[in-house]
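Input: a single structure, listed below in structure tokens.
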Amino acid sequence: MAKRKAGTEYTAGWYDWESRQVCFSYWKNGERMQHSFNTKWYFFLRREDAEIVACRKFDGLCDEVEEAGPYIKLFLPYYDERREVFIEWLRSKGVEPLEADVHPVDRYMFDSEIKISTNPKILYYDIETDARKGGWEDVGRHRLLSIAYAGRGEKVRCLIADDSDDKGEKDLLNRFFNVIEKYDTLVAWNGAAYDEVVLRARAKHYKLYPRWNTINFLDLMQLFKKYYGRDESGSGVRISFSLENIAKTVLGKGKVKDIAVHRLIDVFNFEPDKLIEYNKRDVEIMQELDEKLGYTEAQTALAHLCNRFLCDRSSKSGYLVDGFVLKHAAKSQTAHFRTKNYNEGQEEERGIEGAFVMDPIIGLHEQVCDLDFSSLYPSIMIAWNVSPEKKIVGEADQLEDYAIAANKAKFSNMTSGSFPTIVKTALDARSHWKKEAARLEKEGQENSVEHRIAKNRSDAWKVLANSMYGMLSSPFARYYDPDCGEAITITGKTIIQKVIKLAGDYGIKVVYGDTDSVFIKSSKDQAIEFAGLAEKYLDEWVKECGALPGLIKLKLDAEFLRIFFTAKKRYAGKKATGKWDVRGLELVRSDGCKYAREFQRKMVEYVLEAAHPNAEGAKEIVMKWADELDEGKVDAEFLLLAQSLSRSIESYKVETLHVRIAKELMAKGKEVYVGMKIPYIVVGKEGARLKAVHIDDYDGKYDANQYWTGKVFPPVQRILEAVLPIPNFEWKSFLKYLNRNKKQANLFGRKKNDGKADPKESGE
DNA sequence: GAATTCTTTTACACAG
DNA sequence: CTGTGTAAAAGA
């Protein structure tokens with residue numbers, strides 16, 4: 001057994017079946033080293049439960065028992081099939097085993113001072129294959145042709161097989177395995193579904209056994225999907241997650257693929273230089289993309305603070321929070337949590353009630369301020385000491401000090417619970433790094449490495465703070481406790497409703513509110529003053545609840561010169577800074593077509609920017625866009641529709657357009673996978689159903705009418721109906737605007753045509 | 001070695 | 001033509 005040196009930073013961890021040790025990898029003078037530790041696995045029981053079952057020697061399985069505060073530890077071998085039986089037996093006795101699913105490597109890390117590297121060595125890589133065998137069903141049979149790779153900031157290199165036979169491929173693999181020896185995390189685009197799968201399968205095929213244990217895999221596409229949030233420019237880039245498309249839209253790369261994927265073998269045979277160039281290019285794009293977006297760096301910070309190595313699993317909230325909470329629990333011995341059990345879904349798990357969303361006052365408003373509660377849910381958690389182990393079940397002890405939440409749940413207040421403690425740690429750390437980032441910005445170091453680190457750490461702590469509520473509310477989570485979850489949401493509901501009511505009492509008009517934000521019609525100064533009053537007023541109530549005052553903070557988030565609402569969660573406004581804030585409108589959604597988005601953007605611009613937006617001006621815009629669509633010359637790019645195939649094709653109950661297109665793709669033997677965007681164009685109607693074709697089968701003839709009535713006009717219509725004071729039926733008549741050319745010559749029936757709003761054609 | 005939540009709008013398919 | 005269920009994608 002090795003001795004750990006203080007300060008050693010580990011890069012990977014695993015369990016060795018033969019020696020029954022937990023092992024960790026680290027670097028020393030550029031050499032990969034390994035420490036192995038003997039360890040005894042255990043889980044917890046509540047002390048009172050232990051007495052009930054008196055199970056100290058279950059068939060000789062548990063060889064040791066140790067007391068740990070209000071818990072006892074039961075030691076037994078993790079990799080023994082009798083473990084499961086034992087756990088079931090405990091449950092049958094009404095005893096809840098705690099943390100009995102925690103992996104030995106994790107357990108060791110939580111109990112010891114194992115440090116995880118803050119700076120894992122990242123290798124971006126991409127493989128090119130001959131995909132003629134196996135198809136998309138069995139990608140493990142795709143033959144490797146070349147592999148391009150580069151570390152962060154390094155020049156991209158490319159290995160190519162000498163021949164497209166077994167020998168060539170095996171040799172290629174061996175060469176690549178020598179490369180990866182020097183890195184910790186391998187990053188590929190869609191790697192979890194493709195590159196990693198192929199790599200492992202091909203290695204197995206040739207009975208090659210690189211040290212997979214020391215290597216972590218990370219899929220950059222998954223990170224992109226998760227973190228590339230709202231598209232500020234509203235360009236709706238997410239039509240396809242292919243690296244090609246993302247590079248085009250995020251990095252502005254113009255180059256189009258000039259190699260068909262199914263012909264890669266020909267390129268390999270006849271133009272190997274081209275294959276190499278092509279292969280390298282994807283790695284360059286990944287490097288550039290990651291440099292710009294900083295996702296792996298941010299993920300490294302988050303994983304690190306949750307005691308996790310940088311890999312795919314470290315982007316799952318449940319896994320991250322486990323890393324933080326269980327380490328905290330092991331140190332403080334304050335609370336241990338239930339065993340996760342994936343197969344028992346039939347327990348009486350209930351959904352929890354969520355937040356309050358106010359009906360907006362539909363229409364256009366001037367001079368509106370948005371007040372936000374900062375970190376509302378984390379703040380409630382701290383103020384009310386919401387934590388599973390602090391919940392008072394049954395009658396509260398007379399002497400016990402407790403806070404009562406809006407759902408009537410009571411939380412003992414004597415000492416701080418594990419969840420509030422962690423959330424407070426997270427919020428404090430976040431505020432520290434946020435200040436640090438602000439300081440660096442002030443000193444003009446906005447683009448420095450230090451600034452990026454500060455920003456990443458600030459974001460990481462924020463993610464952790466916000467994840468804690470989800471962990472109480474998910475039936476799958478170890479920390480699931482709906483009373484705790486609802487203590488937070490319903491208290492939040494009460495708080496926002498109190499503020500809305502208070503505003504009314506002060507004669508301030510509230511135009512909208514959602515969860516933690518309130519939009520009031522007021523000047524900036526008045527809004528700030530009101531926020532201060534509201535905080536004081538709320539604190540009085542917080543104290544009445546027995547909770548901790550001073551934590552619920554209401555701050556001015558934005559001042560809008562103009563803002564309009566069309567529905568709940570749908571609005572657009574122009575801030576005092578001149579910037580727009582568009583939420584929920586089709587403009588910021590990826591499931592419509594670009595033509596509709598651009599049209600809506602035009603109308604939003606008119607409503608937010610024109611000196612006096614009015615119906616006549618709006619009509620001009622509408623007719624211009626209708627006519628252009630009707631001429632039949634709009635590019636495919638603007639008409640392309642796409643939705644994600646969110647699950648397996650068989651599980652769909654309704655055959656929506658994109659499902660139908662996906663089925664056709666499959667029938668043709670093309671690649672179709674879960675999560676894929678299916679791009680198509682509407683070309684007509686078949687009975688009641690819409691008729692659409694895959695973008696590749698599109699011949700340039702779209703159905704203008706279907707686009708106008710179904711996709712293009714309605715998003716604009718909703719804005720017009722909300723903000724322009726003319727009767728609805730008149731805007732509705734525009735839905736049939738295209739038909740006017742054929743049958744409704746004088747649809748608008750305007751007697752006095754002032755000549756401004758003239759349709760291009762006469763209309764017969 | 002699976003999984004953060006609820007709330008909301010909108011569009012299409014399908015049935016009557 | 002209308003009502004209902006399913007699905008996607010958003011807000012927070």
Side-chain angles (χ1 to χ4, degrees), chain A residues 13-15 78 101-106 226 229-231 236 238 308 311-322 340-343 345 350-360 372-373 375-377 463-480 482 484-486 488-490 492-493 496 512-517 557 565-571 581-592 596 641-647 651-660 677-678 682 685-690 692 706 709-711 714-715 717-718:
Chain A
W14 66 95
Y15 186 81
Y78 181 80
D101 60 313
V102 174
H103 192 276
V105 174
D106 282 355
K226 188 168 176 183
R230 230 159 43 83
D231 184 16
R238 285 168 290 169
R308 298 302 191 186
C311 63
D312 283 324
R313 299 188 63 217
S314 299
S315 56
K316 309 275 187 229
S317 310
Y319 185 72
L320 281 171
V321 171
D322 257 8
K340 277 204 221 177
N341 46 320
Y342 303 107
N343 31 17
R350 61 180 181 93
I352 68 161
E353 193 179 316
F356 172 75
V357 186
M358 183 187 138
D359 262 319
D372 276 30
F373 288 103
S375 302
L376 182 63
Y377 284 7
V463 170
L464 178 67
N466 288 338
S467 306
M468 299 302 281
Y469 151 73
M471 290 299 114
L472 295 172
S473 311
S474 168
F476 303 112
R478 191 188 299 287
Y479 318 96
Y480 174 62
C484 289
E486 274 180 350
I488 294 165
T489 54
I490 297 179
K493 217 174 208 177
I496 188 175
Y512 182 55
D514 184 348
T515 312
D516 59 357
S517 69
D557 187 62
F565 299 88
T566 65
K568 285 178 174 180
K569 299 187 187 284
R570 265 144 213 257
Y571 60 88
D581 198 358
V582 182
R583 306 275 165 145
L585 298 182
E586 287 72 6
L587 184 48
V588 294
R589 289 178 67 95
S590 62
D591 54 350
L641 293 160
Q643 277 97 40
S644 297
L645 204 62
S646 63
R647 45 201 152 81
S651 68
Y652 280 89
K653 291 190 176 174
V654 179
E655 196 184 71
T656 56
L657 279 176
H658 79 298
V659 171
R660 211 177 307 152
K677 287 267 188 181
I678 310 291
V682 176
K685 234 178 171 189
E686 262 174 350
R689 287 158 123 213
L690 285 168
Q706 292 307 326
T709 56
K711 283 281 166 194
Q717 186 187 355
R718 286 187 282 272

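Keep in mind that the numbers below use all heavy atoms, side chains included, and drop hydrogens, waters and symmetry copies. Order of the sequence lines sets the chain letters (A, B, ...), proteins ahead of strands, with each chain counted from 1.
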To the side chain of R647(A), which of dT5(B), dA8(C), dA3(B) is closest? dA8(C)
List in chain and number order the residues that pass side chain to side chain donor-acceptor pair (under 3.5 Å) with R313(A), two or more places apart in sequence or in another chain; answer none if no residue qualifies. none
Nearest-Å distance, CG (D101(A)) to P (dG1(B))? 12 Å
Base, sugar-phosphate or nothing for S644(A)? Non-hydrogen atoms, less than 4.0 Å. sugar-phosphate
Under 4.0 Å: is that the gap between some side-chain N or O of S474(A) and OP1 or OP2 of dT5(B)? yes
So CG of L376(A) and CG of D516(A): to nearest 0.5 Å the spacing works out to 5.5 Å
Output all residues satisfying salt bridge (Lys or Arg N to Asp or Glu O under 4.0 Å) with R660(A), sequence neighbours left out; order by chain, then residue number. E655(A)
Nearest-angstrom distance from the residue atom CG of D372(A) to P of dA12(C): 8 Å
List the residues meeting ring-ring contact (aromatic ring centres under 6.0 Å, His included) with Y652(A), not counting sequence neighbours, and say none if there are none. H658(A)
Between dA9(C) (C1') and L585(A) (CG): distance, integer Å: 13 Å
Quick one, give me the B/S/- string for nucleotides 10-16 of chain B, reading 5' to 3', where B means a protein heavy atom under 4.0 Å from the base and S means that only happens at the primed atoms, P, OP1 or OP2. SSSSS--
Once you round it to whole Å, what is the distance between C1' of dT5(B) and CG of L472(A)? 10 Å
Should the ring pair Y377(A) and Y469(A) be called parallel, tilted or perpendicular, given that the plane angle runs from 0 to 90° and is split at 30 and 60? perpendicular
For the base of dG1(B), is there a side-chain donor-acceptor partner from D106(A) under 3.5 Å away? yes
Using only side-chain N and O atoms of K569(A), determine if any of them is under 4.0 Å from OP1 or OP2 of dT8(B). no
For atom OH of Y479(A) and atom P of dA3(B), their distance in whole Å: 12 Å
Within the structure, does a side-chain N or O atom of S646(A) lie under 4.0 Å from either OP1 or OP2 of dA8(C)? yes
Ignoring hydrogens and geometry beyond distance, is the side chain of R313(A) in donor-acceptor contact with the base of dG1(B) at under 3.5 Å? yes
Contacts of K569(A) meeting salt bridge (Lys or Arg N to Asp or Glu O under 4.0 Å) (sequence neighbours excluded), chain-then-number -> D514(A)
Return the value, rounded to whole Å, for the distance between atom CG of L376(A) and atom P of dG11(C). 19 Å
Which nucleotide in dC6(B), dT4(B), dG1(B) has an atom nearest any side-chain atom of S317(A): dT4(B)
Does F373(A) have any ring-ring contact (aromatic ring centres under 6.0 Å, His included) partners at least two apart in sequence or in another chain, and if so, which? none
For the atom pair OG (S317(A)) and CE (M468(A)), what is the distance rounded to the nearest 0.5 Å? 11.5 Å
Please state how far atom CZ in F476(A) lies from atom P in dA3(B), giving the value in whole angstrom units. 11 Å
What's the OH-P distance between Y377(A) and dA12(C), to the nearest Å? 12 Å
OP1, OP2 of dA8(C) versus side-chain N and O of Y652(A): anything below 4.0 Å? yes
H658(A) side-chain N/O to dA8(C) phosphate OP1/OP2 under 4.0 Å: yes
By nearest atom, which of the nucleotides dA7(C), dA10(C), dA12(C) is closest to the S590(A) side chain? dA10(C)
